[in-house]
Amino acid sequence: MDGSIYEKMNIQWFPGHMTKAQRMIGENIGMVDAVCEILDARIPNASRNPDIDSLVGDKPRLIILNRCDLADETVTKRWKKSFEAKGMSVIECDAKSGKGVNAFVPAVKKLLADKIAANEAKGLVGKPLRIMILGIPNVGKSTFINKVAGRKAAAAGDKPGVTRGKQWISIDRSLDLLDTPGILWPKFDNQQVGELLAVTNAIKSDVIDKETLAANFMIRLREMYPQSLEARYKFTPDRELNGFELLEQCAKKRGFLISKGEYDIERMANTLLGEYHEGKLGRLTLELPDE
Ligand code: G4P
């Protein structure tokens, strides 16, 4: 996207987590048969750690596109194809409702069919497959694992960045999951990635300037989903306006008045970010795959 139309932001980052994640992956990778990476389907690129490819080597890979209920269905299909083209298996799901989660076990068994056959040939019938589950904080790992396990196996709803110890979760006699809680931070090397993580609540928005975040988000929505702004806020985003002016235009429509002629941009910023989080703007995916 054209950087010039976006406001500059300062977002704090916590690189220490990455070293810990690298160490943990390195120590455990030899024990697992495959790696399953959970991504947010609205930001499949920003919610990945690009180093993961080198960290996990040539282990078979499964990608879970989670939060599909909030993502643009047609774009999710495109993301699925793009990961498949890189040799990964992909399932789409909404871990909160459980939709799509049933595809996980069959997908693992298909992915590891050769391994299962090799185990059987060695007389190791029924040896559990071991899968490492990776994902950035708040992407839905605990919710997903609970749904797959069919019980309360992992504590869901932790605040972003809160870490717990690693744990093995037995799904059935043929499958064990290694949960690697909240320590796989995404690569945070540009402002756009930071903003995408903040608007999807992967990083706490109380550490950043919400008005600037919302102003830039307005611009992004004007570029990608102007029809959603029109449907929700009954205004046509003017191409000539900057993000703050768009927030003001929208506040006017909403009647967020502070005093005569002055509109409440802060309230509008909170409303926009809150309503996106609640899915009130529709199913919007904020990144497109390179095709
Ligand atoms: P984590 O282990 O990766 O840190 O994430 P966790 O499972 O705790 O999930 C974080 C939040 O995301 C939880 O909501 C959970 O309900 C929600 N979530 C997980 N998967 C999905 C999904 O597929 N769709 C939707 N819509 N939500 C999902 P929470 O703690 O109540 O926070 P909130 O984000 O709902 O406000």
Side-chain angles (χ1 to χ4, degrees), residues 14 17-18 20-21 24-25 35-44 46-49 52 62-73 75-77 79-80 90-104 107 131-169 171 177-186 188 196-207 210 213 217 228 270-287:
F14 320 97
H17 287 281
M18 199 47 221
K20 194 172 168 195
M24 196 288 309
I25 294 172
V35 172
C36 169
E37 200 184 347
I38 305 187
L39 304 180
D40 186 322
R42 298 168 301 172
I43 50 164
S47 60
R48 292 195 87 200
N49 182 287
I52 197 164
L62 179 63
I63 298 275
I64 312 284
L65 291 171
N66 191 37
R67 290 214 173 91
C68 277
D69 53 314
L70 300 175
D72 184 329
E73 228 169 336
V75 184
T76 301
K77 297 270 175 277
W79 275 107
K80 184 169 188 283
V90 182
I91 68 167
E92 302 164 38
C93 80
D94 159 11
K96 196 167 183 172
S97 75
K99 194 168 172 229
V101 168
N102 284 346
F104 176 69
I131 315 296
M132 180 184 281
I133 306 283
L134 294 176
I136 61 168
N138 223 27
V139 76
K141 286 181 301 303
S142 314
T143 311
F144 179 80
I145 290 170
N146 286 337
K147 278 287 185 318
V148 171
R151 65 193 144 83
K152 189 127 189 67
D158 284 350
K159 288 274 167 288
V162 174
T163 59
R164 307 178 302 269
K166 80 167 191 192
Q167 54 177 333
W168 286 99
I169 295 126
I171 300 307
L177 303 184
L178 176 60
D179 182 16
T180 53
I183 53 173
L184 188 73
W185 288 93
F188 195 69
L196 291 172
L197 293 167
V199 295
T200 54
N201 277 15
I203 58 175
K204 286 186 227 169
S205 48
D206 52 1
V207 298
K210 275 200 182 172
L213 180 68
F217 190 42
S228 297
N270 285 319
T271 300
L272 178 69
L273 297 172
E275 295 193 346
Y276 176 67
H277 183 59
E278 289 161 25
K280 287 186 180 160
L281 279 93
R283 299 174 59 173
L284 314 183
T285 299
L286 305 176
E287 286 182 311

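All residue numbers refer to positions in the sequence shown, counting from 1. Predicted model only: the values in this text are computed from it and were never measured. For ligands, and for the atoms within them, numbers begin at 1 and follow the listed sequence.
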With heavy atoms of [X] as the reference, note each atom of ligand 1 found under 4.0 Å away.
| X | value |
| --- | --- |
| Lys141 | 1 (P), 2 (O), 3 (O), 5 (O), 7 (O) |
| Ala95 | 20 (N), 22 (C), 23 (O) |
| Leu70 | 26 (N) |

Test side chain to side chain donor-acceptor pair (under 3.5 Å) applied to Thr143 and Asn146, step by step: CA-CA 5 Å; Thr143 311; Asn146 286 337; 5.8 Å; no
Check: Ser228 and Leu284 side chains under 4.5 Å, non-hydrogen atoms: yes
Option among Asp179, Ile25, Leu177 that satisfies the side-chain contact (heavy atoms from CB on, under 4.5 Å) test with Met132: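 Considering Asp179, Ile25, Leu177, a side-chain contact (heavy atoms from CB on, under 4.5 Å) with Met132 is found only for Ile25.
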Taking NZ, NE, NH1 and NH2 as the nitrogens, is one of them in [X] or [Y] under 4.0 Å from a carboxylate oxygen of the other?
| X | Y | value |
| --- | --- | --- |
| Lys77 | Glu92 | yes |
| Lys96 | Asp94 | no |
| Asp72 | Arg283 | no |

Structural part of Asp69 in contact with ligand 1, heavy atom criterion under 4.0 angstrom: side chain
N or O contact, Gly140 vs ligand 1, cut-off under 3.5 Å: yes
Short N or O distance, Phe144 and ligand 1, threshold 3.5 Å exclusive: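 Such a contact does not occur with ligand 1.
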Whether Val139 lies under 4.0 Å from ligand 1, heavy atom: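 In this structure, Val139 qualifies as a contact of ligand 1 - some heavy atom is under 4.0 Å.
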Arg67, Arg42, Lys96, Lys99: member with heavy atom nearest to atom 35 (O) of ligand 1: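 Result: the heavy atom closest to atom 35 (O) of ligand 1 is in Lys96.
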